[in-house]
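Numbered from 1 within each chain, the chains take letters A, B, ... in sequence-line order. Scope of the values below: all heavy atoms of this structure, side chains included, with no hydrogens, waters or symmetry mates.
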Protein chains: 2
Amino acid sequence: MEKAKRPPRGTRKRDVPLTEAGIYAAALQLIDADGVEALTMRKLATVLDANPMSLYHHVPNKDALLRGVARMVGAQFRTVTLEDSPWQERIRLLATDFRTLAHRHPKLMAYSFGQPDFIQSEDPFWAALTATLDSAGVPHAEVPQIAAVMCAVVIGVLTAELNGALHQWSNLTPPAPAARENRPPDTDAGPDGDRMFRLVLDTIITGLESRLTADRDGQRAGQ
Amino acid sequence: MEKAKRPPRGTRKRDVPLTEAGIYAAALQLIDADGVEALTMRKLATVLDANPMSLYHHVPNKDALLRGVARMVGAQFRTVTLEDSPWQERIRLLATDFRTLAHRHPKLMAYSFGQPDFIQSEDPFWAALTATLDSAGVPHAEVPQIAAVMCAVVIGVLTAELNGALHQWSNLTPPAPAARENRPPDTDAGPDGDRMFRLVLDTIITGLESRLTADRDGQRAGQ
DNA sequence: ACCTGAACACCGTTCAAGT
DNA sequence: ACCTGAACACCGTTCAAGT
């Protein structure tokens, strides 16, 4: 009978002590599978084969847990700096990297996008974005505002893509009352999403370009 | 002692029977005050001076309650059609009307913006937007997609404005470690929000214009 | 230091019973 | 028809106690 506690085969996750990182990793799995709103301290403990209260020895509370998971995933987002390309190219790369990350963990990112502290001063992403706008010739004083609205725009489009709104709205105009209802969220990873994301990107880059040349024309008439 | 039930003065809300509309109105008050996440069937019942379970006779569940409140508020959003203005002006009006609504019930709208069914085919807003794009000369087949991304962009910026992200990000670049932390969400109703919203609006309208003239030039070289 | 069981103060919702 | 109390199946979290 010796011990007799361990179930037959690998059904037991934890022969290993609890870790902050381990908790985050397990939480991320649950979130990827069922979404942030389905994550529960108690479910998470079950998955980790631990007592729910044990988690509180490694994480202060559920909110900190979510922030921790978000920070962990965000850290994967090291963008290639691509120092010697034109600013348009660099912005495009930043945005598509962002989108790639969003597609890798859609449920988590749909939540993270709603948190104002999702972007921090220290983020290499923010540094890269502001540096790029700077090198594009955006007046220093305006760089943070322009960067902020660009983030808001990109996050808005990604959110709408992730929760299916973009897809749903695109198929709206025909009354289509008998169309199949409540189709699954339909991550919209297809070519539609790609096209529409590029459309937005092109538009804001074009808009920025024309704004910059207008500024220059205003200052020294030409060039 | 006759009756002896009624408290001294107007502290009692309900001498009147429960109504679906009354429930929505009370729920909206609670949401405006404390946000959607703080709304509880039990708190709502208390405010209405009713038993929590009584609500379920007028509303199937909490989800339907929230949708009902959102629909009720969205119905206020009757946009002036402004039939004889240039499409740029009409789009601008649609967007600023949208923003006005968002500022009137920020907590509710921050929630509603996340719901993919927030915009429906029957909405006069959607009809006005698609009609405007149509009159601007957007190819019929592209109208829904363009309308969808425009909604996503505007909602993205409004969401970031409402939850304070726009404001926070704008003040990011200086490391500013000792700055006051956790200032209140700071609805960002000030001139900052106005400016940044107009900036986005100008940019997408400019982008759309250049896209349209490019299409025309491609088709018939000129005009 | 790390873990745990019991308990507290909440939720949304079901159901059988009251008027 | 409308309302209600009790109860169920959950939450996050505190706390005192175990090793």
With the side chain of [X] defined as its heavy atoms from C-beta on, choose the nearest nucleotide among [options].
| X | options | value |
| --- | --- | --- |
| A:M53 | D:dC15, C:dC15, D:dC3 | D:dC15 |
| A:T40 | C:dG12, C:dT4, D:dG12 | D:dG12 |
| A:R42 | C:dC11, C:dA7, C:dG5 | C:dA7 |
| A:N61 | D:dT4, C:dT4, D:dT13 | D:dT13 |
| B:H58 | C:dC3, D:dC11, D:dC3 | D:dC3 |
| A:K62 | D:dG5, D:dC3, D:dT13 | D:dT13 |
| B:L18 | C:dC11, D:dG5, D:dC3 | D:dC3 |
| B:S54 | C:dG12, D:dC3, D:dT13 | D:dC3 |

Using whole Å, report how far [atom1] of [X] lies from [atom2] of [N].
| X | N | atom1 | atom2 | answer |
| --- | --- | --- | --- | --- |
| B:L55 | D:dC2 | CG | C1' | 13 Å |
| B:L39 | C:dC10 | CG | C1' | 15 Å |
| A:N51 | D:dT19 | CG | P | 15 Å |
| B:E37 | C:dC11 | CD | P | 13 Å |
| B:E20 | D:dC2 | CD | C1' | 15 Å |
| B:L44 | C:dT13 | CG | P | 12 Å |

Quick one: label A:M41 by what it contacts on the DNA or RNA (base, sugar-phosphate, nothing), any heavy atom closer than 4.0 Å. sugar-phosphate
So B:F125 and B:F98, would you call those rings parallel, tilted or perpendicular, with 30° and 60° as cut-offs? parallel
Partner of A:Y111 by side-chain contact (heavy atoms from CB on, under 4.5 Å), out of A:V69, A:L39, A:V36: A:V36
Sub-4.5 Å side-chain heavy-atom contact between B:I91 and B:M150: yes
Using the rule given for side-chain contact (heavy atoms from CB on, under 4.5 Å), can you reason through A:L166 versus A:M196, listing the C-alpha separation, both sets of side-chain angles and the distance that settles it, and then say yes or no? CA-CA 9 Å; A:L166 214 51; A:M196 294 167 93; 3.8 Å; yes
Strand partner of D:dT13, provided both Watson-Crick or wobble distances fall under 3.5 Å: C:dA7
Please determine, for C:dC2, whether a Watson-Crick or G-U wobble partner exists with both distances under 3.5 Å, and give it or none. D:dG18
Quick check on DNA chain C: between B:H57 and B:D63, whose nearest nucleotide comes earlier from the 5' end? B:D63
NZ/NE/NH1/NH2 to OD/OE distance under 4.0 Å, A:D63 and A:R67: yes
